[in-house]
2 protein chains.
Amino acid sequence: MVANTTVEEVLAELEQADTLESIQDAILKLREYFQVENMVYHWVDSAGEQYGYGTYPLEWATRYQEQNYIRIDPVIAGCYKRFHPVDWKKLDWSSKAVRAFQAEALEYGIGNQGYSIPIRGPNGQFALFTVNHTCDDADWEKFTEDNRRELILIAHYFNQKALEFEPNRAPEQSQPLSPREIDAMTLLAIGYSRAQVAETLSISEHTLRVYIESARFKLGASNTTHAVARALSRGLIVV
Amino acid sequence: MVANTTVEEVLAELEQADTLESIQDAILKLREYFQVENMVYHWVDSAGEQYGYGTYPLEWATRYQEQNYIRIDPVIAGCYKRFHPVDWKKLDWSSKAVRAFQAEALEYGIGNQGYSIPIRGPNGQFALFTVNHTCDDADWEKFTEDNRRELILIAHYFNQKALEFEPNRAPEQSQPLSPREIDAMTLLAIGYSRAQVAETLSISEHTLRVYIESARFKLGASNTTHAVARALSRGLIVV
DNA sequence: TTCGACCTCGCTATTTCTGGGGAGTTAATA
DNA sequence: TATTAACTCCCCAGAAATAGCGAGGTCGAA
């Protein structure tokens with residue numbers, strides 16, 4: 001046992017912190033506290049930029065980037081589809097490419113066990129907090145059961161920090177859509193054609209077009225598809 | 001003080017629960033534990049269906065629905081744009097309609113203080129866990145500071161349950177898109193025209209069209225906009 | 001090895017969408 | 001009260017998307 005440092009203390013510290021290094025710092029302290037091999041915080045901001053902090057070996061991080069492993073990493077894929085913390089064992093490792101990736105990760109010193117907590121924001125932000133270790137299944141299950149709650153909380157705190165540091169948030173904020181614009185975007189997003197939307201909303205197709213256009217301008221979109229995509233990722237409409 | 005029931009116990013109970021009533025049940029116990037007037041869990045599933053559980057007076061819930069207050073409720077609006085727990089005081093109550101809404105809510109027995117925790121899922125699911133009380137600002141601040149962590153955890157547990165009960169998840173699962181289809185959908189989602197996408201991917205526009213078509217079929221979409229919207233809300237592409 | 005899934009390219013005709021205009025009413029806000 | 005924002009309607013020409021059909025090569029998995 002280590003730990004004159006408790007989770008509480010680290011979180012309190014993190015809350016006050018005002019530099020990016022503080023995230024890295026907190027990760028190191030928490031890793032020590034939890035006695036795991038790796039602890040990583042990964043964040044995708046609303047502009048699609050990625051940031052990673054944590055204890056993965058530099059060589060692995062480089063390799064990962066070079067090979068664009070984010071495309072095949074089942075942790076990313078799995079967490080993107082999921083809502084809740086997930087044990088790596090429950091992910092889909094069946095394909096050949098994925099197993100090769102897994103083998104390579106092991107070589108680079110990534111543990112055989114992992115637990116990742118996905119959290120997502122209103123503008124497409126996506127964060128992943130991962131703990132990673134080498135041990136057998138039983139020990140790992142005990143570890144995750146015992147610490148799940150703390151890990152969820154830690155993930156939240158990291159996110160709070162990351163959001164503070166996100167540079168391009170204000171510029172991405174767009175004017176809100178008017179009710180009619182929201183109606184139009186929503187119906188388009190569920191597959192209605194212009195004619196159908198106009199009929200559904202009981203307005204002329206000409207009028208509808210005005211809404212689509214103004215929504216497009218508000219969203220800075222270059223066409224209808226783009227506008228709907230933006231409205232969706234900014235949480236202005238829900239489908 | 002009440003509480004031979006602790007948060008831990010309620011959460012453990014909730015974890016085992018297998019009926020919707022269990023959510024309501026847990027809310028009542030937690031309200032007692034935290035000694036607040038209202039506690040509400042509100043959930044929007046991936047099909048846009050809404051569910052609410054909690055202790056708001058029935059008259060208020062009815063009134064809220066009848067008036068379609070969800071459209072002006074600043075708690076909804078604010079949490080939709082936010083990432084993190086938010087105190088109601090920090091929301092935008094400036095517009096006239098909103099202040100009228102607020103006054104009415106007070107009349108119906110909704111406390112003057114509130115704290116809401118938004119959480120969102122990969123398919124547009126959105127959940128809100130709210131505690132609500134009548135007291136002065138200082139007391140409320142102390143309450144939220146003291147209990148924030150527990151409240152975040154509780155929100156997570158409610159979500160876990162809610163997701164289990166979500167009916168229309170499996171059918172919405174679609175075949176995965178091929179790499180080229182993902183490329184195409186992604187570029188379309190960021191506003192490229194067909195010609196631009198084809199050029200970016202260095203393929204003919206004819207070929208591109210095949211990808212878009214096959215993606216459309218896989219996604220069960222009736223047009224490109226629909227396909228991109230579905231790909232987005234299913235987390236198959238990221239923008 | 002065979003099957004399926006993926007990637008690539010081609011054609012034609014029809015329907016739909018986009019990008020410019022303009023104009024009048026109502027409702028809320030400053 | 002003046003102004004702003006939202007809602008509604010109209011025209012037109014050119015650009016883009018859709019719905020059919022076809023073909024051939026590669027690569028991984030059963």
Side-chain angles (χ1 to χ4, degrees), chain A residues 71-72 92-101 174-189 191-231 236, chain B residues 71-72 92-101 174-189 191-231 236:
Chain A
R71 289 222 149 182
I72 57 166
D92 178 19
W93 300 89
S94 63
S95 104
K96 201 172 162 183
V98 169
R99 276 198 308 276
F101 163 78
S174 51
Q175 308 174 50
L177 299 181
S178 79
R180 278 316 217 188
E181 286 160 358
I182 292 176
D183 291 341
M185 290 291 111
T186 305
L187 293 172
L188 289 172
Y192 284 30
S193 70
R194 274 193 185 181
Q196 289 175 304
V197 174
E199 202 196 336
T200 307
L201 297 179
S202 306
I203 55 177
S204 77
E205 211 177 317
H206 308 281
T207 304
L208 171 68
R209 235 181 49 202
V210 176
Y211 297 141
I212 300 175
E213 292 272 282
S214 63
R216 261 183 45 226
F217 282 117
K218 284 184 180 177
L219 294 162
S222 48
N223 55 43
T224 303
T225 300
H226 192 195
V228 170
R230 288 209 155 167
L236 300 172
Chain B
R71 287 219 153 183
I72 57 167
D92 177 20
W93 300 90
S94 61
S95 103
K96 202 171 163 185
V98 169
R99 277 198 307 275
F101 163 79
S174 54
Q175 307 173 50
L177 299 180
S178 79
R180 278 315 221 189
E181 286 159 0
I182 292 175
D183 292 341
M185 289 292 109
T186 306
L187 293 172
L188 289 172
Y192 284 31
S193 70
R194 275 192 182 182
Q196 288 175 304
V197 174
E199 201 197 335
T200 305
L201 297 180
S202 307
I203 55 176
S204 77
E205 213 176 316
H206 305 283
T207 304
L208 172 68
R209 235 180 48 201
V210 176
Y211 297 142
I212 300 174
E213 292 273 284
S214 64
R216 259 183 48 223
F217 283 116
K218 284 184 180 175
L219 294 163
S222 48
N223 55 43
T224 304
T225 300
H226 192 196
V228 169
R230 288 209 156 170
L236 301 173

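Residue numbers begin at 1 in each chain, while the letters A, B, ... track the order of the sequences.
In this entry the distance linking CD1 of A:Ile212 with P of D:dC9 reads 14 Å, nearest Å. Spacing between atom CD of B:Glu181 and atom P of C:dC7 amounts to 6 Å, rounded to whole angstrom units. A straight line from CZ of B:Phe217 to C1' of C:dG4 spans 18 Å, rounded to a whole angstrom. In this structure, the CG atom of A:Leu201 is 11 Å from the P atom of D:dC9, given to the nearest Å. The nearest whole Å value for the distance from the CD1 atom in B:Ile203 to the P atom in C:dG10 is 11 Å. Between the P atom of D:dT8 and the CG atom of A:Leu208 lies a distance of 10 Å, rounded to the nearest Å. Rounded to a whole Å, the CG atom of B:Asn223 is 13 Å from the C1' atom of C:dT15. When the P atom of D:dA17 is taken as reference, atom OH of B:Tyr211 falls 17 Å away, rounded to whole Å.
Counting heavy atoms from C-beta outward, A:Tyr211 and A:Ile203 have side chains that approach closer than 4.5 Å. Using a 4.5 Å heavy-atom threshold, the side chains of B:Lys218 and B:Leu177 count as touching. Under the 4.5 Å side-chain criterion, counting only non-hydrogen atoms from C-beta, A:Met185 is in contact with A:Leu188. Side-chain contact between B:Arg180 and B:Thr207 is absent, with no heavy atoms from C-beta onward closer than 4.5 Å.
Here B:Ser178 reaches the OP1 or OP2 of C:dC7: one of its side-chain N or O atoms lies under 4.0 Å away. The side chain of B:Lys218 places an N or O atom within less than 4.0 Å of a non-bridging phosphate oxygen (OP1 or OP2) of C:dC6. Phosphate contact (OP1/OP2 of C:dC9, side-chain N/O of B:Ser204, threshold under 4.0 Å): present. Between C:dT18 and A:Arg216, no contact under 4.0 Å exists linking OP1 or OP2 to a side-chain N or O.
When each of A:Arg99 and A:His206 is assigned the nucleotide of DNA chain D with its nearest heavy atom, A:His206 is the one assigned upstream, toward the 5' end.
Here the side chain of A:Val210 is nearest to one of D:dT8, D:dC11, C:dG10, namely D:dT8. Taking only side-chain atoms of B:Glu213, from C-beta outward, the nucleotide of C:dT18, D:dA19, C:dC7 with the closest atom is D:dA19. Proximity note for B:Thr207 (side chain, C-beta onward) versus C:dT18, C:dC7, C:dC9: the nearest is C:dC9. Closest approach to the B:Arg209 side chain among C:dC7, D:dG20, D:dA6 is made by D:dG20 (side chain taken as heavy atoms from C-beta onward).
For B:Phe101, the CZ atom sits in a packed shell: over 12 heavy atoms of surrounding residues, nucleotides or ligands are nearer than 6.0 Å.
Contacts of A:Ser222 with the nucleic acid, taken as non-hydrogen atoms under 4.0 Å apart, involve only primed sugar atoms and P, OP1 or OP2. Among the protein residues, B:Ser214 comes within range of no part of the nucleic acid, since none of its heavy atoms lies under 4.0 Å from any strand. Here B:Arg180 lies in heavy-atom contact (under 4.0 Å) with sugar-phosphate atoms only.
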